[in-house]
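I have placed the structure first, in the form of structure tokens, so that the comments after it can refer back to it.
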Amino acid sequence: FPSHDTFTAELPLGIAKAVAEQPHKMYLYLEYTNTGNNVPTQYTTAANIPNFSNPKDYYKQLSGKNYLRVQAIRDPNIVSSVAGSVYTTSTNFFGQSSGTSAGQLAGEAFGTNSICYGAALVLAVDESEPSSDVVLARAYFTAVGERLTKTASSELFVTFPLTVSVTAP
């Protein structure tokens, strides 16, 4: 996945819920369109991404686009380091599409020739209620060669790297 990922305003809430003593599942939102000229090429920084501080509104208002909500699997390898007062932890999450899906919104069905141009890492507070999802980070494939196109004989596989750094007081 490209390094254009940026954290949302919901990241602190998500981290707090993830470390609480409650079971949670991780998901990836795979944003897609069925028309190449609907791909947002300007999403290179958080400032250029609409509703970045309120991602749930963004996903509700997609027009000519849609997203899949696929279960994410965390790589069992976690890398941690300390440099001075900065503590850093990194891991990867993996997600894969499966078959033809209607997506989360009405319209734009996912299938052969759908173009995946972005992804979000999501904490599912209630697995059966997507409206309670906490969007931790979003990233976009801004270059044409980075985008993923679904073919009839394949599924899309996305790796979402997550690195969190905390500076000790």
Side-chain angles (χ1 to χ4, degrees), residues 1-33 39-62 65-97 104 115-148 155-169:
F1 204 85
S3 61
H4 308 290
D5 59 320
T6 45
F7 299 124
T8 71
E10 292 188 322
L11 180 65
L13 170 66
I15 291 173
K17 288 185 180 224
V19 298
E21 292 184 19
Q22 302 171 3
H24 293 92
K25 294 219 175 190
M26 298 299 290
Y27 281 84
L28 289 177
Y29 287 175
L30 304 181
E31 279 185 62
Y32 69 90
T33 184
V39 175
T41 57
Q42 72 278 16
Y43 291 4
T44 55
T45 65
N48 295 342
I49 300 172
N51 288 327
F52 191 75
S53 61
N54 192 354
K56 286 180 189 157
D57 283 350
Y58 169 81
Y59 288 103
K60 289 178 193 172
Q61 300 169 6
L62 289 175
K65 305 170 189 119
N66 207 332
Y67 66 99
L68 299 176
R69 181 180 187 247
V70 301
Q71 198 162 22
I73 298 169
R74 186 182 56 78
D75 184 339
N77 298 307
I78 297 175
V79 178
S80 296
S81 64
V82 178
S85 62
V86 179
Y87 298 78
T88 302
T89 301
S90 299
T91 192
N92 289 306
F93 290 86
F94 308 105
Q96 178 178 315
S97 65
Q104 292 294 307
I115 304 164
C116 178
Y117 60 84
L121 182 63
V122 178
L123 177 77
V125 177
D126 180 346
E127 190 175 9
S128 64
E129 185 52 55
S131 65
S132 68
D133 289 353
V134 178
V135 180
L136 304 178
R138 289 164 61 187
Y140 291 89
F141 309 112
T142 55
V144 173
E146 295 175 341
R147 297 178 199 142
L148 304 172
E155 295 301 329
L156 301 184
F157 183 84
V158 174
T159 300
F160 199 107
L162 180 68
T163 299
V164 176
S165 295
V166 176
T167 303

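- Put simply, SG on Cys116 and CG on Leu148 are 5.0 Å apart, with the number rounded to the nearest 0.5 Å.
- The closest side-chain heavy-atom distance from Val70 to Gln96 is not below 4.5 Å.
- The side-chain contact (heavy atoms from CB on, under 4.5 Å) search around Ser128 returns Asp126, not counting sequence neighbours.
- Residues satisfying the side-chain contact (heavy atoms from CB on, under 4.5 Å) criterion with Thr91, sequence neighbours excluded, are Arg74, Asp75, Ile78, Phe93.
- Under 3.5 Å, the side chains of Ser80 and Thr89 contain a donor-acceptor pair of N or O atoms.
- Take Ser131 and apply the side-chain contact (heavy atoms from CB on, under 4.5 Å) test, not counting sequence neighbours, and it matches Glu129.
- Using modelled atom types, one side-chain atom of Asn66 and one backbone atom of Gln104 make a donor-acceptor pair closer than 3.5 Å.
- Here the closest non-hydrogen pair linking Ser90 and Thr163 is OG-OG1, 2.8 Å.
- With sequence neighbours excluded, no residue forms a salt bridge (charged side-chain N to carboxylate O under 4.0 Å, His left out) with Arg147.
- Checked against Tyr67 for a ring pair (Phe, Tyr, Trp, His ring centres under 6.0 Å), the options Tyr29, Tyr27, Tyr117 give a single hit: Tyr29.
- Distance OG/Ser132 to CG/Leu123: 9.0 Å, rounded to 0.5 Å.
- Here the CD-NZ distance, from Gln71 to Lys25, works out to 4.5 Å after rounding to the nearest 0.5 Å.
- A distance of 10.5 Å separates CG in Leu68 from CD in Glu31, rounded to the nearest 0.5 Å.
- Residue Phe160 comes nearest to Ala119 through the heavy atom pair CE1-O, 3.7 Å, listed as atom of the first residue, atom of the second, then distance.
- Residue Thr88 comes nearest to Ser165 through the heavy atom pair OG1-OG, 2.9 Å, listed as atom of the first residue, atom of the second, then distance.
- Residues passing the ring pair (Phe, Tyr, Trp, His ring centres under 6.0 Å) test with Phe157, sequence neighbours excluded: Phe94.
- Summarising the geometry of Ala124 relative to Asp133, their closest heavy-atom pair is CA-OD1, 3.6 Å, with the distance given to 0.1 Å.
- Residues satisfying the side-chain contact (heavy atoms from CB on, under 4.5 Å) criterion with Val79, sequence neighbours excluded, are absent altogether.
- Here CG of Leu121 is found 6.0 Å from CG of Leu28. Values are rounded to the nearest 0.5 Å.
- Remark: the Glu146 side chain and the Tyr140 side chain contain no N/O donor-acceptor pair separated by less than 3.5 Å.
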